[in-house]
Amino acid sequence: MTTVEHRLAELAVGFGVSLRPGQVLAVDALVGQERLARAVASVAYEAGARYVDVQYFDPHVRRSRLLAGDDLAFTPGWLTGRVAELAEHGAAAVHLVAAAGPALAEGVDPLRSTLAHDRILPEMMALAQRQAIAWCMVPGPTEEWARALRPAADPGTALAALWDDVAYACRLDEPDPSAAWRERTAELRRVAAAANAGRWDALRFRGPGTDLTVGLFPTSRWAAIGETSAGGVTYHSNLPSEEVYTAPDPRRTSGVATLRRPRLLHDGSRVDELTLRYDAGRLVEVEGSGDVEAVRRQFERDPGASRLGEVALVASDGRCGRLAPSGAVLLDENAGCHIAMGAHYPYTVGDADRAHANVSAVHMDLVIGERDVEVDAVTSAGRVVPVLRDGQWVI
């Protein structure tokens, strides 16, 4: 009998990174994701992988470092060296993600949390942003994540329910999940093509607590999953993915945006409510409830951390939009339109404007639009184009 872990592994290896015979595969997993990591390795070797390197990250060890470590800026050379060798060997990478438990943030100074490296190193993010390797992120349920979502449930029941949600979001209930994703990807790329052809100059988001205008570059390029690596391999970086996205002009964001779904940071900090106010690209106000100070610290990490590096359009009537908030960014960002403070993806802006695109060590996605938020585009000629109504595409 094929397990849900095996079906997700097949999707990640075959469709996600399009693994080729003789290729090296890196698997980055969290403690608690061993069964899924082993399934990925098994599927990869069956597909002819030359070598599968599984690296486990324990967020509780990171918490110990945040509480008592001295040199938080230090990163061992063997970690960055691994990233360099992956690029040198033309490897592929599968990242298993999960939401952090809220206990990880207790007693931790938010400033210290911004200084210590996360499980995915900046060097690995740089490879991804340059499309240097084929890579894919997939959700991997853990008992800790399941308990955080359903604290009153039996642990086994909570974990099974979370796996049901992940299987639904990833289309594992389809007879051929890869074929189902090819169909969905074609629709997303159709929307991206329409956006690119429309010569959009700005987007406007309007709904309860949100009236935000996001300016675009003349060379902003709308993208969807189905990227091509430097080696010519088609890969799908996020599964699930329901977004079309681009790099906005960080100098042209104005108005107010309200967080639509609670946000968990990588250290376990939780923000339940958040309101951001922008003026000419500059973040002038941050208010909300929960660990708002942790968010403020993230925004202060470097000069680009509070400016926009990405704006993404999502039809919230999709599968992720029908699920309750999960706390995991990979699922929640695909439930509604979102903005990302921090780094842009270089392939989403042309050479003429790249010098003005946002640069940062941070990339923080925040959902600002679901069914009750209308989205319009404004063309370079001043024409208003409806884009999303009631959570559905109208272009």
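Looking only at distances, a side-chain donor or acceptor of W181 sits under 3.5 Å from a matching main-chain atom of C170. The closest donor-acceptor contact from the side chain of S316 to the backbone of R371 lies under 3.5 Å. Proximity of a side-chain donor or acceptor of S18 to a complementary backbone N or O of V233 within less than 3.5 Å is not detected. Looking at H236, its side chain does come within 3.5 Å of a backbone N or O of F15 through a donor-acceptor pair. Of the possible donor and acceptor atoms, one in the side chain of H338 sits under 3.5 Å from a partner among the backbone N and O of E333. With R270 contributing its side chain and G290 its backbone, the two residues share no donor-acceptor pair below 3.5 Å. Counting only distance, with no hydrogens or angles, the side chain of N334 and the backbone of C320 share no donor-acceptor pair below 3.5 Å. Within the 3.5 Å criterion, the main-chain N or O of L104 finds a donor-acceptor partner in the side chain of R63. T253 contributes no side-chain N or O that, together with a main-chain N or O of V214, makes up a donor-acceptor pair within less than 3.5 Å. Of the possible donor and acceptor atoms, none in the side chain of T275 sits under 3.5 Å from a partner among the backbone N and O of T258.
Around CZ of R251, the count of heavy atoms belonging to other residues, nucleotides or ligands within 6.0 Å exceeds 12. Counting heavy atoms of neighbouring residues, nucleotides and ligands inside a 6.0 Å radius, atom CD of E143 does not exceed 12 of them.
Checked for salt-bridge contact, E174 and R182 miss the test: no charged N lies under 4.0 Å from a carboxylate O. We find that D372 and R260 are joined by a salt bridge, their nearest charged nitrogen and carboxylate oxygen being less than 4.0 Å apart. The pair R150-D164 does not meet the salt-bridge criterion, since no charged nitrogen lies less than 4.0 angstrom from a carboxylate oxygen. Using a 4.0 Å cut-off between a side-chain N of Lys or Arg and a carboxylate O of Asp or Glu, D201 and R199 do not qualify as a salt bridge. A salt bridge does not link R147 to E144: none of the charged nitrogens lies less than 4.0 Å from a carboxylate oxygen.
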With a 3.5 Å cut-off and sequence neighbours excluded, list the donor-acceptor pairs that the side chains of residues 218-225 form with protein atoms.
residue, atom, partner, partner atom, Å
T219, OG1, G350, N, 3.1
T219, OG1, D353, OD2, 2.6
S220, OG, F217, N, 2.9
S220, OG, F217, O, 3.4
S220, OG, A247, O, 2.7

Considering only distance and modelled atom types, tabulate donor-acceptor pairs under 3.5 Å from the side chains of residues 32-39, sequence neighbours left out.
residue, atom, partner, partner atom, Å
Q33, OE1, L30, N, 2.7
Q33, NE2, V97, O, 3.3
Q33, NE2, G140, O, 2.8
E34, OE1, G32, N, 3.1
E34, OE2, G32, N, 3.3
R35, NE, E5, OE2, 3.2

Result block: side-chain N/O donor-acceptor pairs under 3.5 angstrom for residues 357-364, not counting sequence neighbours:
residue, atom, partner, partner atom, Å
N358, ND2, G304, O, 2.7
N358, ND2, R307, O, 3.1
N358, ND2, G342, O, 2.8
S360, OG, D302, OD1, 2.8
S360, OG, D302, OD2, 3.1
S360, OG, V362, N, 2.9
H363, ND1, A343, O, 2.8
H363, NE2, E310, OE1, 3.0

Side-chain donor-acceptor distances from residues 384-393 under 3.5 Å, at least two apart:
residue, atom, partner, partner atom, Å
R389, NH1, V375, O, 3.2
R389, NH1, D376, OD1, 3.1
R389, NH2, D376, OD1, 2.7

Assess whether salt bridge (Lys or Arg N to Asp or Glu O under 4.0 Å) is satisfied between R190 and E187, documenting all intermediate values.
-> CA-CA 5 Å; R190 179 198 69 79; E187 170 64 7; 3.2 Å; yes

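Looking only at side-chain heavy atoms (C-beta outward), V311 and F205 come within less than 4.5 Å of each other. Annotation: side chain of R62 is in contact with side chain of L66 (closest heavy-atom distance under 4.5 Å).
A side-chain donor from one of S326 and D332 sits under 3.5 Å from a side-chain acceptor of the other.
Under the salt bridge (charged side-chain N to carboxylate O under 4.0 Å, His left out) criterion, R7 pairs with no residue at all, not counting sequence neighbours.
Here Y168 is tied into one hydrophobic group with L323, each link being a pair of ILVMFWY side chains closer than 4.5 Å.
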